[in-house]
Amino acid sequence: MGWPVEHSRSPLLHGFWLKQHGIEGVYELLPVRPEGLKVALRGLAARGFAGCNLTVPHKQAALAMVDHVDTTAARIGAVNTVIIRRDGMLEGRNTDAFGFRENLRAAQPAWRASIGPAVVLGAGGAARAVVAALLDDDVPEIRLVNRSRDHASALAAALGGPITVIDWSRRSAALDGAALVVNATSLGMTGQPPLDLALDALPKTAIVNDIVYAPLETPLLSMARRRGNPVVDGLGMLLHQARPAFAAWFGVTPEVTPALRQAVAASLVAR
Ligand SMILES: NC(=O)c1ccc[n+]([C@@H]2O[C@H](COP(=O)([O-])OP(=O)(O)OC[C@H]3O[C@@H](n4cnc5c(N)ncnc54)[C@H](OP(=O)(O)O)[C@@H]3O)[C@@H](O)[C@H]2O)c1
């Protein structure tokens with residue numbers, strides 16, 4: 001459910017797994033206006049659904065509309081997955097932190113959050129999931145850089161832990177000695193300006209992860225790749241965040257395979 005929702009790659013992704021596992025099911029896009037969300041959620045079970053995903057602008061509003069919110073979703077302050085339980089109750093979860101972590105682990109198996117400071121750019125919904133995942137993995141320091149400093153301060157206050165809020169104007173200097181940089185702003189996305197970031201202070205060993213996945217190769221990733229940093233794109237996070245949802249709805253834990261990645265990546269190029 002989203003408004004708009006036509007851009008979503010999730011039907012392709014879940015459709016791939018349904019076919020692969022021979023499950024007779026469908027994953028449909030439901031365009032739902034914000035004022036219709038509560039009714040749409042309550043009507044899911046009667047329409048035979050096992051649950052749904054939520055995307056913009058419903059993730060925060062749904063927190064107050066489901067019967068149970070799991071601890072991760074409560075901490076992140078957003079629900080991206082709804083499960084209809086056996087007793088008919090609606091359970092809200094958030095799988096973005098899982099997706100972020102699993103993608104990094106799959107792409108850079110030697111990486112551990114504990115190895116050094118992380119710079120996170122952005123303080124929106126996605127940044128909250130990234131920060132929560134890093135804190136859970138015992139990151140020693142998070143340098144949180146955002147255009148609106150008050151949004152970053154609110155995120156730091158909500159999640160706690162070793163977070164230093166840094167002014168947007170100091171973003172390039174904040175890279176000094178970092179082990180990981182994550183772009184969790186919308187900059188670099190198709191239709192948005194590129195992220196203006198000088199990488200000179202960043203160690204060449206630091207991993208650069210852009211969670212923007214359209215385009216797959218963002219200007220940030222190209223720049224980092226050219227200077228020899230290991231890079232991780234955002235598509236893997238999208239694919240991995242879908243796994244726990246699929247498992248909860250259909251009872252099978254699916255894998256992220258090269259064939260799946262290729263199918264979804266091709267759809268990004270096609271649009
Ligand atoms: N790979 C994945 O699975 C995945 C999952 C979720 C999201 N994403 C991507 O992550 C990005 C952020 O998503 P979101 O849901 O967190 O969005 P959001 O809640 O709207 O947050 C947007 C963030 O970008 C910053 N920003 C926007 N325009 C800016 C500009 N011109 N200059 C500087 N900063 C700017 C905002 O700063 P302010 O606070 O100052 O407004 C905010 O920190 C999107 O591109 C989305 O597609 C990817």
Side-chain angles (χ1 to χ4, degrees), residues 2-5 7-10 12-14 53-63 72-73 76-81 94-104 106-107 119-133 142-159 163 165-172 174 181-197 208-221 231-245 256 260-261 264-265 267-268 271:
W3 188 263
V5 76
H7 63 281
S8 173
R9 269 77 181 184
S10 292
L12 173 62
L13 169 52
H14 287 282
N53 280 133
L54 297 171
T55 185
V56 177
H58 300 320
K59 289 185 182 189
Q60 282 83 20
L63 276 175
T72 307
I76 295 171
V79 168
N80 76 342
T81 301
N94 190 307
T95 62
D96 278 339
F98 173 90
F100 165 74
R101 181 190 293 115
E102 289 294 301
N103 180 38
L104 263 186
V119 176
V120 178
L121 299 142
R128 282 179 92 98
V130 167
V131 169
I142 295 176
R143 302 172 191 162
L144 188 60
V145 193
N146 193 50
R147 175 180 62 176
S148 309
R149 193 185 164 98
D150 55 329
H151 293 169
S153 300
L155 193 167
L159 292 184
I163 303 175
V165 173
I166 295 177
D167 275 342
W168 186 244
S169 61
R170 305 271 309 143
R171 61 193 179 281
S172 298
V181 186
V182 184
N183 175 37
T185 72
S186 39
L187 293 172
M189 222 173 120
T190 308
Q192 296 283 327
L195 171 64
D196 176 16
L197 186 69
V208 178
N209 176 202
D210 203 331
I211 72 160
V212 168
Y213 56 82
L216 205 48
E217 180 81 359
T218 61
L220 170 67
L221 292 184
V231 300
V232 179
D233 66 46
L235 178 56
M237 177 173 167
L238 178 76
L239 303 180
H240 281 283
Q241 65 76 30
R243 291 172 57 217
V256 170
L260 172 68
R261 206 188 130 84
V264 181
S267 85
L268 295 173
R271 292 194 191 193

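Just so it is clear, the model here is predicted, and its values are computed rather than measured. Counting convention: from 1, in listed order, for ligands and their atoms alike. Throughout, residue positions are numbered sequentially from 1 according to the sequence presented. Basis for what follows: all heavy atoms, side chains included, without hydrogens, waters or symmetry-related copies.
If you check which protein heavy atom lies closest to atom 23 (C) of ligand 1, you get T185 CA, 3.9 Å. Shortest contact from atom 32 (N) of ligand 1 to any protein heavy atom: L187 CD1, 3.4 Å. Considering only non-hydrogen protein atoms, atom 10 (O) of ligand 1 sits nearest to I211 CD1, 3.4 Å. Atom 41 (O) of ligand 1 has its closest protein heavy atom at R147 NH2, 3.0 Å. With respect to atom 13 (O) of ligand 1, the closest heavy atom belonging to the protein is A126 CB, 3.9 Å. In this structure, atom 22 (C) of ligand 1 lies nearest to the protein heavy atom S186 OG, 4.0 Å. Among all non-hydrogen protein atoms, the one lying nearest atom 44 (C) of ligand 1 is M189 SD, 3.8 Å.
Close N/O approach between H151 and ligand 1 is found [any backbone or side-chain N/O within under 3.5 Å]. Checked by distance only, ligand 1 and S148 come closer than 3.5 Å through their nitrogen or oxygen atoms. Looking at ligand 1, you'll find an N or O of G234 within less than 3.5 Å of one of its N or O atoms.
Of the possible donor and acceptor atoms, none in the side chain of N94 sits under 3.5 Å from a partner among the backbone N and O of T72. Although no hydrogens or angles enter the test, the distance criterion places a donor-acceptor pair under 3.5 Å between the side chain of N209 and the main chain of V232. In this structure a side-chain-to-backbone donor-acceptor pair under 3.5 Å is missing from D167 to S169. Checking side-chain atoms of E102 against main-chain N and O of G99 turns up no donor-acceptor pair under 3.5 Å. Side-chain atoms of N103 come within 3.5 Å of backbone N or O of D233 as a donor-acceptor pair. Side-chain N or O atoms of N80 include one that pairs as donor or acceptor with a backbone N or O of T95 at under 3.5 Å.
No side-chain heavy atom of M237 sits under 4.5 Å from any side-chain heavy atom of V182. Inter-residue side-chain proximity for L197 and L121 is flagged as met; some heavy-atom pair is nearer than 4.5 Å. Put simply, the side chain of P193 reaches to within 4.5 Å of the side chain of L187, judged on heavy atoms.
Contact atoms of ligand 1 toward A184: 12 (C) (distance under 4.0 Å to a heavy atom of the residue). Distances below 4.0 Å separate heavy atoms of V212 from the following atoms of ligand 1: 45 (O). Taking a cut-off of under 4.0 Å to the non-hydrogen atoms of G122, the atoms of ligand 1 that pass are 43 (O). Annotation for ligand 1: atoms under 4.0 Å from non-hydrogen atoms of G125 are 16 (O), 19 (O). Counting atoms of ligand 1 from 1 in the listed order, those under 4.0 Å from a heavy atom of G124 are 16 (O), 19 (O), 21 (O), 43 (O).
Smallest separation of non-hydrogen atoms from G188 and P215: O-CD, 3.3 Å.
Residue-environment remark: CG (D196) stays at or below the threshold of 12 foreign heavy atoms within 6.0 Å.
Side-chain atoms of S148 and N146 form no donor-acceptor pair, as typed in the model, at a separation below 3.5 Å.
Counting heavy atoms closer than 4.0 Å to ligand 1, residue N146 contributes side-chain atoms (C-beta onward) but none from N, CA, C or O. Counting heavy atoms under 4.0 Å from ligand 1, residue V56 does not touch it at all. With a 4.0 Å heavy-atom cut-off, ligand 1 is reached by the backbone of M237 and by its side chain too.
Distances from atom 20 (O) of ligand 1 to the protein include no heavy-atom value under 4.0 Å. Protein heavy atoms come within 4.0 Å of atom 34 (N) of ligand 1.
Put simply, CD1 on I76 and CZ on R128 are 8.5 Å apart, with the number rounded to the nearest 0.5 Å.
Note on ligand 1: F100 sits outside its first shell, no heavy atom being nearer than 4.0 Å.
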